[in-house]
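For reference, the structure discussed in these notes is given below.
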Amino acid sequence: MCFKNLPIEFDQQGNATLLKDVPNPYDYNTTTLDGEQDKLKELLARNGFIKNVDFDPVTRVAGALAFHSVVDLKNREVLSTNSMATLFRGYEIILKGRDPRDASYISSRACGVCGGVHATVSALAMEMALGITPPPLGVVVRNLLLSLEYLYDHPLHLFLLAGPDYSEQMVTLTNPSLFQKAKKTPAKFEEMHGYSTIGEIMHDLNPLTGKLYVEALHMTRVAREAYVLIGGKYPHPQTVVPGGVAVTIDISVMNEMYERIQQFFDYSKKVVGIWDDVFDFFLESNPEYEKCGYRPATMMDSGVWDRPGVYDASYKNMTEWGKARWATPGVLVDGKLVTTDLQRINAGYEEFVEHSFYEKWDGQRFSEDPAGIPLGPNHPWNKETIPKPGKQSWRDRYSWDVSCTWDRMPMEAGAYARLYLTAMAQELPESKFLRSTGHSLQIDIPKSTLPGGTFEWKIPKMWNTFERNRARAYAIPYSAMVCMENWLLAMELLKQGETKISTPFEIPKKGTQMGVGFWGAGRGFLSHHLVIDDGVIGNYQISTPSTLNAAPRTPWGEPGPYEEAVKNTPILEEFNSADDFKGIDILRSIRSFDPCMPCTTHIMVDGTDKMVTREVTTCACGVE
Amino acid sequence: MRRVLIGTIGYFNLRDYSIGPHLLVQLKNTQWPPGIEVDEMNWGPIAIVQQFQSLPEPFDRVIFLTARACGRFVGTITLRHWVGGLPDEENIQSRISEAVTGVISTDNLLIIGEHFKIWPEEVFLVDVEPGKEEMGETFTPEVEAVLDDVLEIIHELAVNNSSALPDFEEMKGNELLI
């Protein structure tokens, strides 16, 4: 059974129908958050402290996300969490009524880092709506662009944004005894990275001056140089268009690209070794770290990297071309694989606005998808974006983000979901460099200056802060080898004279067409749902990884992924008084998701008037 | 040949805050003497650092056009001379985090450039006080009224040795608020 909570059943042939005899099949309970807040208020009062907290984002940037938590430092636990997007971005409204050809360029601006993926997913939605199949080289070039974008994005996250949390500077400040231990702990993977102790690695993770930090900056440049060879510019490429790409590819461009791709072979080995060492050290030093950022492995991914010759952009064949991707789409619920079928992923996805600053829309335009699978009124093809600014209240509405669910469950998104699902599903088509084993993903890395070898990312027993980041490290060799495989394919196509890179198309002036693009940002799941009415955009809905991860409570009271992960985080930081408290365990947990917004974290220390404010800035993409 | 870069900074469609991108086209269409280049400088401080580091010949002078809210009367033009100085490392790291994630900020660009030592001695800002931050393609009347002055000042700074210009205010990286 695919859905446990949505009223959809499938017969033996896979045909979907609504459950019979259910009067209002898509109804749901709405729970008040009063109980939770009253309990918290009482707890704070018992500790002699009641205070209204100003949740101004306290960031110079037009703050897009603030995270509030109340912490009991005595018992070293987090009592309450709220994730709030504080900025309305309005891309969906900007796009409405425009020529669909504008969508790629405008929606690309939704992010200052991942503009390329927004442009591409928009092109995919157009291709589906208008029945455009790109030629093989067009598909392959898009795959190259995507993997290069990831090779920019992953080091950025690991060393510039999350990395400093594990640096000598930070660890000496927050867990000095741990750093003393690190200095004496031998590194297991010295042959991969050259460091003899964990302390040495932590030293080079120091922001601004650490060698690993500076090296990552350099590697982001290498990836970007390779990207612009075909993307024209970055992060908002000019060459990604519905139907393929608008750029001429020749052997000389491919050679220039290869010169840069191969630099990631050795770098992959180094990065994997470094993070395996650092995270093993934390987890072995104190097993309580396993609980940091814990939540069940309940996540979804759209899959990425289409197979030329299989991808035809049609909704009808979406299940097949989705499964043929180099990263398998799918949904995991508490570590169990539920589906890898993009049609079912689409049908189960909903967005709710009960705790968000939006009005509920009326009506339901589409009762089923083009394959006949029932759709609810909260499905993105039915959803409308109607902003309704108002007073912020933890009991009511507190975010510009929406609550996203699949089968009525909050879902986590991330580059790690790409690895997890691909490893577990065993649906990866034949690959020169990758194998899915059901419990791991094996990645063959060629010899470069370091010897070649096979890396194996294993599905972890416990899903937490450290495993999110560890998987992100393995996402570098994964992306590098998909890049290499597509580079080889492109060379083969060029050799065969298959140089066509795009398919021309026209936009019908009349009628309604609908499409969805499923692709992935560096930090996970990405979808654009598009409806074209009489030649212009009638509805456009964007879901980014941070839309999922930063979600507020569901209408029935379940926390969003950030909220849940931080709530489960024990406080392991060493401190003498509330004034010394830095909140590093909470920060590490939020940053492990690679939050895609300028995010400010506020931590209210229970029993005191102390509020810790830390920026968790990542990229400016995200909420509507 | 003396090399001068005129760079505009700012988000689009934010009324007065967009004076840089708004005047970019006009600046680009101006017939400048050889050695003067005009570029949009919104494409990320780290990328800009990397580009400056790879320049075969460094710039002798960099002029930024920007709008920073500093509590002046709307439309006030202040000429600033960047004299370096850096905030603490935590502050620099915060700015780099913002920069690599797409935030456009003049202060971030100056501080990050300073940290990576890319700036020539002559870095100037033509800094206009914006009105309220709101969406839109038009300027407040106060800023609209000084657009020609802004262009004239940039021209003077780029082409001449700026002797005809009013005094510069010094701008230091360690005195900027995050």
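If you're wondering where the values come from, they're calculated on a predicted model, not measured in any experiment. In what follows, chains carry the letters A, B, and so on, assigned in the order in which the sequence lines appear, proteins first and then strands, with residues in each chain numbered from 1.
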Pair B/Gln93, A/Ser167 - check side-chain contact (heavy atoms from CB on, under 4.5 Å), show working. CA-CA 13 Å; B/Gln93 165 62 12; A/Ser167 68; over 6 Å; no
Kindly write out the residues that satisfy ring-ring contact (aromatic ring centres under 6.0 Å, His included) with B/Phe59, not counting sequence neighbours, or none if the list is empty. B/Phe52
Reported [atom1]-to-[atom2] distance for the pair [X] and [Y], which is rounded to 0.5 angstrom:
X	Y	atom1	atom2	answer
A/Arg591	B/Ser97	CZ	OG	7.0 Å
A/His218	B/Gln53	NE2	CD	11.0 Å
A/Arg224	B/Trp43	CZ	CH2	8.5 Å

Within the 3.5 Å criterion, strictly below it, is a donor on A/Gln169 or B/Glu89 matched to an acceptor on the partner's side chain?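 Per modelled atom types, A/Gln169 and B/Glu89 side chains form a pair under 3.5 Å.
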Return yes when atom NE2 of A/His203 has more than 12 non-hydrogen atoms of other residues, nucleotides or ligands closer than 6.0 Å, and no otherwise. no
Are there more than 12 heavy atoms of other residues, nucleotides or ligands under 6.0 Å from atom CD of B/Glu134?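 Atom CD in B/Glu134 is crowded, with more than 12 foreign heavy atoms closer than 6.0 Å.
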Yes or no on side-chain contact (heavy atoms from CB on, under 4.5 Å) for A/Leu161 and B/Val100, after CA distance, side-chain angles and deciding distance? CA-CA 9 Å; A/Leu161 302 171; B/Val100 295; 4.1 Å; yes
Suppose a student defines contact as a heavy atom less than 4.5 Å from any heavy atom of chain A. Which residues in residues 139-150 of chain B would they list?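 If one takes a 4.5 Å heavy-atom cut-off, no residue of residues 139-150 of chain B lies near chain A.
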Counting only heavy atoms closer than 4.5 Å, note whether A/Leu156 contacts chain B via side chain, backbone, both or neither.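 For A/Leu156, the side chain is the part near chain B, not the backbone.
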Verdict with supporting geometry, A/Leu208 and B/Phe116, side-chain contact (heavy atoms from CB on, under 4.5 Å): CA-CA 9 Å; A/Leu208 305 181; B/Phe116 288 101; 5.8 Å; no
Do side-chain atoms of B/Gln50 reach the backbone of A/Leu217 as a donor and acceptor pair under 3.5 angstrom? yes
